[in-house]
Amino acid sequence: MTMAYPDPAFRRPRARKLARTITNLWLVAVLVLLTLAISSVRPQLVESTNMISMLRSFSIMAVMVLGLTWVIAAGQIDVSFMQVAALANMMTAALLAHGYGWSVAIAVALGTGVLAGLINGWLVAALRLPALIVTIATAGICASAAAALGKGTVIRIADAGPLGWMLNTPVLSVVPVIVLPVAVLALAAWYIQERLTLGRYIYAMAQNEAAVRSVGVPVTRLMILLFTLSGLCAAMAGVMLAASLSSGQPTIGGPFLINGLTVVLLGGMMVHVGKPNILGTLTATLFLGVLFSGAALLGLPDYQRQIIQGVLLALGLGVATWAGRRHGSRGGESEK
Amino acid sequence: MKLLSPLPSIWGRALVFLLLVVLVAAGFTIAEPRYLSHASLSGIARHMAANGLAALGLTFVVVVRKFDLSIAGVAAFTAMTMGAVIAAGYPLWAAVAIGIVTGGLIGMVSGVAISRFGMPDIVTTIATGSVCAGLAFLYTGGRSIFQNFFTSGITDLNDARFLGLGVSLWFLVAVYAAAWFVMHRTRTGHAFYAAGENPVAAHYSGIQVKNYVVLAYVLCAVCTVLAVLLILAESGNAETNKGANLMMPAYAGVFLGAAMMAGTSVLATFAGILLITMLLDGFSLLGVPYYYSDGVVSLILLMGVVAFSGFARNWASSFAVFFRGSGRTNNKREWQE
Amino acid sequence: MGTPILQASGVSKRFGPVMALTGVDFRVEAGEIHALLGINGAGKSTFIKILSGIIQKDSGSIRIAGKNVHFRGPNDAIGAGIATVQQHPELVPDMSGLDNIFLGRESAGRSLFARVDRQALEKRAKALLARFSVPLDLSKPVAQMPAVEREAVAVLQAIASDDIKVLILDEPTSTLTEVEREDLFRLMRQLRAQGISMIYITHQLEEVFAIADSFSVFRNGTCVARMSVEEARRQDQSLATLMLGEEIGDVFPARPEGLEIGETVLSLKGFGSAGAFRNIHLEARKGEVVGIFGLVGSGAEELAKAVYGVQPAEEGEMVLKGRTLAPKSPREALDAGIFLVPGDRRTEGLTLTRSPLFNVPLANLKRASGGGWMLRRRQVRQDASEITRAMALHPPSLTTAASDFSGGNQQKLVLAKGLYREADLYIFVEPTVGVDIGARAKIYALIRELSLRAAVIVFSSDCDEVNGVADRTIAMHKGRQVDPGPEGFTRDQLLMAGIMGELHA
């Protein structure tokens, strides 16, 4: 502050920004390389049937963790999303089995997800309870409720409905229709995150909640909203699962916990390094899908995939922590 | 979490706890007289032993203000490890020793990652837990291990009796007594609590905070190994899903106990896990389907933490102030300049 | 003079049994910089919190430009035209200065789903900056800004909402260097020229004459004086006397007759740590109190922490009782016989949720367990009770949570930890921040008592404290040590040395 004239250099150098964007998209490159490598050994990977099934599970997974991405980006945790999905899944199947139509089933299932998210959000944001404990508990309750709906067993669905059609019908012979609405949803989320006030509040909250609160942003309501969105997204994925599997499966949730956290944290290592974001989550979801599909084609058993995934998660976490530390120390230096 | 409550003394709290125990027991006995039968009670004691050990492990971690979500994974991997060692014909003590060392090492990995490298506790333990759950399949690809189980003597841990009570219960009592002594009567315990409640002040007081965090994770994993050992003894085989049901009761026990006793402590966890086990066994005796158990435990956990929270406390203390008519308020902190 | 822009009459606030404010009358005229003075505990912070809507007054009235107002929350205060810059401004480190300034005000309506128009924001920021000649690169993340730029961002954030009439600055200079302080003052004068009134809270008396038009003095929860700076100059009024209500000298104990200076306990030779302090030569002997006066940024606190092993030093040598020592952690320093009474006792000194019985033996668990493993609880209770009784801990309870003690008594508790440890060298950092005047005297007396059997070093940014409590004083300025002549420093010389880095201006 010793120069005498105002020179606010607001404009970011465009070239540097572009270069940074490219380096930030490294996961996409890894994804492409992985796809090429696996398909050179097992060409089935990119054949129509496999592509459709891969993109189908991608769509479901992506929807499930869309809301979770923001909860984690805001510095909280939600470990109930997969059981909310399981509950929505069973709810859909049970209602269909009782003769209700798809529209009723979807509405009730999504409503359940919203309710679960609201409860999580209220307990965490308004009562200031630890998010982990709260969501562990709601996860347990949702899982029990899901199993109770089918008395512990699977509920079959006769007609997979319009959703089933979207999940199974390909356009251009490799992309199932469902990818289109999911892409629209993701684009909308990306827009919200990058261009609207909500997006910047999410990241600001993770760094300094007091700062966001002190300028009058309704932090509590915002946090409740994020948990609610997470519940809603999980429920949407649960409904999609019902259509995809033509059944309600009470124990479907379990494996999604670690999958979901892995893609969110892995995705948080690209675009905005150290910050979970929509684009990163989508890429990581695709990456994990290719990895799993490839591993299956290569004949690796389930448990080896689980180990790989745990290592990936730990790796992503380690890098994120390291990046955060470097950042922190930089902030610390300017402190002096 | 600051643990204050309108309830005045530890004795008042103990009384509330005893009242709850009596109420729960009475309720179940009315619904199903067999609840107080010898078979049912010894079942409670047995389940209590496994649940209680896992909860005790979690207690150490919660004392240093962290979480551990790797309990299920650690249980699965060490169960299969011990099973494999027994199946290979080694004596029981060797299997237990190897199990404890394996568990301890896993705990150390988590603890070091979290305390030395500053990784977030929740996701780190999810990752280590996941790797462990995968590793559990290494031995048999997921098939059950039962060879040599009956000749190894492991089932004695479940069946043997001492002074009319199952030996697993004695084991639990002994471990809790040791833990109580360490946490509440020695300098180690004093430092443990200091490291958890204010790590900076503890560091300035010459306490090696990071070591206590690592120690907490090691102890948690070791307790999990002991818990799963009792489960193996009860079922007579090792499977990869052994211990999958340890985590929920452990969390519920620790936090419910902390809510009742105004703070995380060995005795509080004991009280919490006793209530949880009584409820769980009661419901299963009443023929409530197995899949409700997680829901019930979760609901209790949720109610426990809500009671634990400042919200409920303020709400309740507003009544307390009304009755006592004292001018004590919670504003003191704001007044500090 | 017209209607005052802000007028408070009879404002009172009670916290439990304690009256924090009693009938405060206070006013700020339009377009003036009004300094608010008072020692810690005088009620300044409480009053400011009421003005900014963070807490509510019990009684009394506040008028803004003649209109009665009542604040239920911070937004009410901002709406009425009062903005506050906290002592440690809350900013989002990763966000740019621009984003921080408009955080929460990106769009006209306060919606969570409003579009952020970067160009419009940049335009608004330019307009804001054009009003003041503040050269600021607002595209930088605030984490990369020096303290003064962050302060400027916080000020701009506060006045970014339209129609701010009164700006409250809570001790803004405490983290700034001398030069930076001038920059901030320039910004304040520009704001004044735009018609914004300011309430400026400070400890530093000389700042009042440098920047303020008038000032009020708070003491014991009430406003005891209001006058213009000119008036004060004319009357040669001692602000310190006004703030304390008694002569400063009273609180410091006299050096006991015949106290001999004993062996050298600590000596530092060429002690240094990059970016914090360099080439420190210092000796501390049994029987004397060494005072080190250093403002924030002088490296004094860093030096204290280096000796205690919190942030180990990189250069030079440290000798403790004849042994060379390079502590890498507080544990090593403690084992060698050093105890530090930290400046931030709430985070560094005490386990607030726990009782004195838990806290007192914390730094010496070996003694608490009699060298063994098991705690000797009765012995601990007895020792703790003896130590705390000797220092008149109030309330004299060993089971009350540390958070329920006043600032002064919390400091006594930290000191009790140190006494339980029985060290050879005691280091105090800002020993009386947040301690009321009565407890201050007691703490100074305890420091003096300690010097009878150990070496004592007191680090403080309060010149009078250093001058009063120490037998020998040294100043630190920008990481450099400023030694006195053979006669030692007078109080004014010490102040000059700490502020300017040399003896004569």
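Within every chain, numbering begins at 1; the chains are lettered A, B, ... in the order of the sequence lines, protein sequences first and strands thereafter.
- B:Tyr292 touches chain A through backbone and side chain together, each having a heavy atom under 4.5 Å away.
- Under the salt bridge (charged side-chain N to carboxylate O under 4.0 Å, His left out) criterion, B:Glu197 pairs with C:Arg354, not counting sequence neighbours.
- The contact between B:Met119 and chain A is made by backbone and side chain atoms together, counting heavy-atom distances below 4.5 Å.
- Here the shortest heavy-atom pairing between B:Asp294 and A:Ser144 reads C-OG, 3.6 Å.
- Among B:Cys132, B:Ala113, B:Ala133, B:Pro289, the residue with the largest count of heavy-atom pairs under 4.5 Å with chain A is B:Ala133.
- Heavy atoms only, all atoms of each residue included: A:Ala314 and B:Ala127 are closest at N-CB, 4.0 Å.
- Highest contact tally toward chain A, considering only B:Val123, B:Leu301, B:Thr124, is held by B:Val123 [criterion: heavy-atom pairs under 4.5 Å].
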Determine, stepwise, if the pair B:Leu302 / A:Ile141 fulfils side-chain contact (heavy atoms from CB on, under 4.5 Å).
-> CA-CA 10 Å; B:Leu302 209 51; A:Ile141 294 169; 4.2 Å; yes
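- Contacts of A:Leu312 with chain B are absent, with no heavy-atom separation under 4.5 Å from either backbone or side chain.
- In this structure, B:Asp121 places its CG atom where more than 12 heavy-atom neighbours from other residues, nucleotides or ligands lie under 6.0 Å away.
- To the nearest 0.5 Å, atom CZ of residue B:Phe67 and atom CD1 of residue A:Ile136 are 7.5 Å apart.
- When all heavy atoms of A:Gln306 and B:Ser130 are compared, the closest pair comes out as O-OG, 3.5 Å.
- Contacts of residues 253-263 of chain A with chain B at a heavy-atom distance below 4.5 Å involve A:Ile258, A:Leu261, listed in sequence order.
- What you find for B:Ser298 and A:Ala137 is that their closest heavy atoms are CB-O, 3.0 Å.
- Contacts of A:Ile308 with chain B are absent, with no heavy-atom separation under 4.5 Å from either backbone or side chain.
- One distance of note links CD1 of A:Ile72 with CD1 of B:Ile122; it measures 9.5 Å at 0.5 Å rounding.
- Residue contact with chain A, scored on non-hydrogen atoms closer than 4.5 Å, involves the side chain of B:Leu69 exclusively.
- Proximity to chain B involves both the backbone and the side chain of A:Ile133, based on heavy atoms less than 4.5 angstrom apart.
- Shortest non-hydrogen contact noted between B:Tyr291 and A:Ala147 is CB-CB, 3.4 Å.
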